[in-house]
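Below is one structure, written out as structure tokens, with a few remarks after it.
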Amino acid sequence: MNKESRAYFIVLVLVYSAVFFTLLSALTGFVFVEKRSQLSKERREVALNLAEAGLEYYRWHLAHWPSDLQDGTGAVGPYVHIVNDPEGGEVGNFALTVGGTTACGQITAVQITSVGTATADPIFKRTLTARYTRPSVADYSHIVNANVWAGSDRVINGPYHSNGGVRMDGTHNAEVTSGVATWLCTSTFGCSPSATHNGVWGAGSNPSLWGYPKPAIDFNGISVDLVSLKNYATTSGIYVGPSNGYGWRVTLRSDGYMELRKVVGAIQVWGYSTEYGWQQERTVMSNVQDESTTIILPSCPVIFVEDNVWLDGVVSGKVTIAAADVTGSSIDRSIILNGDITYATTASGLTAIAENDVLVGLQVPDVMAISGVFIAQKGRFGRNHYCESDCSSQSGNQGLPGTLDPYVTRSTLTTNGTVVSNGRVGTKWMSGGTFLSGFAQRFDSYDRRLAADPPPFTPSTSDDYKFFLWQEQN
């Protein structure tokens, strides 16, 4: 081989060697990058598992010491716990920051932040936050302790449960459940002749979402401790005593104040309910005294009224109002929804608890909107049937005064929140396919925000605490 050929050969060797080493270097770098990425992912997953372990640890801690928000130390956090692998040594740690939501000096929910750190690489931290509380009635659009009929005009968003039978003819997008396998549907539920049907039946939109029999929701368990609410209101919130009249009109304001007026005049009218037939009632105010104004303190936003309540207004913040007589009297107090009830902000919420009924009044807007959790503890949520003045001969002389005739039928009722009723729910009255009284159209939606963070002392549906709003911060 001559010198020129050897030179070309050397050049080729050098070129191919350079290419080979370049490729080898790139491949080696790629392998190292992939390995580093894999290790990073692995350590991030370890950190996430450690953060989850922190949440689970404090859930265990609260099960044993439910009022301890300082991890048994008596000191301010964060509280760091080392996690060891019996075979591999220290895995990492989680650091806990624990806080509580309080109302009237009582812990109503616990917020836990857990930061997980892997020992192998402390740079990779994962942070989880969760709200720890008992599930409440706000998880449902309706909870009813009786047989119920949801008509074809109903639009229901959110879980719907009855401890009795359900005739579901409405449109719905969530589970509809009944506490019974079968029930006797009578003429008051549109069955003529009476017939036995499945726990849930009807012409509703999503039969695949129907479930029966399902565990009943214990109404004794979800009953509110009204005596405790009165004590909270008396010591730190707002207590309103007996009116020595017909009750009180309570108007909530967007600035956080409450207007209070004594009802000294109420028109006596005839109203009909399935449970009691035709009865005289006084739900239409005719005379009220001058108002007094009181601020609702965020530290104890509880209003307890020892009388009947006419309720309306704009809710600011989270507020709980109760109407009850806990002095040993045999009189059970009710709430009359007197007009629209709306929220000042998306962070607002209302729980309205009546010892007896929560009734939509007669003299209300044609298009009415109510937001909140409405609880009829011993009675029912609904609107009574009213008869115009010229139909008194057909109803046994129980017609309204002529000035109230325009209010017998209303257009639309929109409920944003939850209805809890011991008795049958009803806000529309029909006869032979003819609309007689109440609201022609009803829209019901449960409030997701209230389900996660209800007003204080909203009744729970279980004694077991659960995580809500579980999320990663970073």
Side-chain angles (χ1 to χ4, degrees), residues 63 66 103-104 106-109 133-148 158-166 175-183 199-200 211-233 273-276 302 304-306 308-309 320-335 350-359 372-382 417-426 446 450-451 454-466:
C104 311
Q106 305 297 310
I107 297 174
T108 57
T133 187
R134 290 186 294 180
S136 76
V137 296
D139 291 337
Y140 294 81
S141 66
H142 284 75
I143 302 176
V144 186
N145 198 31
N147 299 334
V148 66
Y160 189 107
H161 176 83
S162 171
N163 286 340
V166 179
E175 283 191 334
V176 178
T177 55
S178 166
V180 298
T182 61
W183 64 294
V200 183
Y212 54 87
K214 295 291 185 178
I217 294 177
D218 182 7
F219 260 66
N220 292 326
I222 68 173
S223 293
V224 185
D225 186 349
L226 294 170
V227 174
S228 294
L229 283 184
K230 180 181 177 179
N231 291 336
Y232 298 146
S273 68
T274 304
E275 291 81 4
Y276 304 112
V302 173
F304 189 94
V305 182
E306 207 138 31
N308 295 320
V309 171
T320 297
I321 181 169
D325 189 337
V326 296
T327 61
S329 167
S330 60
I331 300 175
D332 294 329
R333 300 301 183 177
S334 296
I335 292 176
L350 171 71
T351 293
I353 306 162
E355 187 180 21
N356 192 32
D357 295 330
V358 177
L359 296 177
V373 177
F374 302 100
I375 301 171
Q377 185 160 307
K378 297 180 182 178
R380 52 183 272 272
F381 176 96
T418 303
V419 168
V420 181
S421 179
N422 192 51
R424 180 178 176 180
V425 174
Y446 94 112
L450 288 194
F457 312 114
T458 297
S460 61
T461 55
S462 171
D463 291 332
D464 296 328
Y465 281 75
K466 295 182 179 180

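On a predicted model such as this, the values are computed, not experimentally measured, just so you know.
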Query raised in the report: Is any side-chain heavy atom of T461 closer than 4.5 Å to a side-chain heavy atom of I143?
Result: yes
* Could you check R380 against V144 for side-chain contact (heavy atoms from CB on, under 4.5 Å), going step by step and ending with a plain yes or no? => CA-CA 9 Å; R380 52 183 272 272; V144 186; over 6 Å; no
- Message: Do T133 and T108 have side chains that approach each other closer than 4.5 Å (heavy atoms only, starting at C-beta)?
- Response: no
Rounded to the nearest 0.5 Å, the OG1 atom of T418 sits from the CG atom of L350 at a distance of 11.0 Å
Query raised in the report: Hey, are the side chains of Y140 and I217 touching, using non-hydrogen atoms and a 4.5 Å cut-off?
Result: yes
Is there a side chain to side chain donor-acceptor pair (under 3.5 Å) between T458 and S136 once you walk through the steps? CA-CA 7 Å; T458 297; S136 76; 5.8 Å; no
Distance col, row N220:CG vs Q377:CD, nearest 0.5 angstrom, shows 9.5 Å
Answer yes or no: does atom NZ of K230 have more than 12 heavy-atom neighbours from other residues, nucleotides or ligands under 6.0 Å? yes
Within the 4.5 Å heavy-atom criterion, are I353 and F457 side-chain neighbours or not? no
When rounded to the nearest 0.5 Å, the distance separating CG of L229 from OG1 of T351 is 10.0 Å
Shortest non-hydrogen pair, R424 vs N147, comes out as CG-O, 3.6 Å
**OP:** Any chance you could lay out the side-chain contact (heavy atoms from CB on, under 4.5 Å) test for F219 and V420, step after step, and finish with the verdict?
**Re:** CA-CA 9 Å; F219 260 66; V420 181; 3.9 Å; yes
Less than 4.5 Å apart, side chain to side chain, heavy atoms only: is that true for E355 and I331? no
Are any of the side-chain heavy atoms of P454 and V373 separated by less than 4.5 Å?
no
In terms of heavy-atom contacts, A451 and A138 come closest through CB-O, 3.5 Å
All heavy atoms of A324 vs all of L226, minimum pair found to be CB-CD1, 3.6 Å
Shortest non-hydrogen pair, S421 vs G379, comes out as OG-O, 3.9 Å
When rounded to the nearest 0.5 Å, the distance separating OG of S162 from CG of N145 is 7.5 Å
In terms of heavy-atom contacts, S178 and G164 come closest through OG-O, 2.6 Å
Separation between NZ (K378) and OG (S334), nearest 0.5 Å, reads 11.0 Å
Exactly one of V419, I375, I335, D357 clears side-chain contact (heavy atoms from CB on, under 4.5 Å) with F381, and that residue is V419
Note to self: For a 4.5 angstrom cut-off between non-hydrogen side-chain atoms, does P455 reach L450?
What the structure shows: yes
Taken to the nearest 0.5 Å, the spacing of H161 NE2 from T177 OG1 works out to 5.0 Å
(message) So V326 and F304, do their side chains get closer than 4.5 Å, heavy atoms only?
(response) yes
Minimal heavy-atom distance between Y160 and V166, with the atoms involved, is CE2-CG1, 4.2 Å
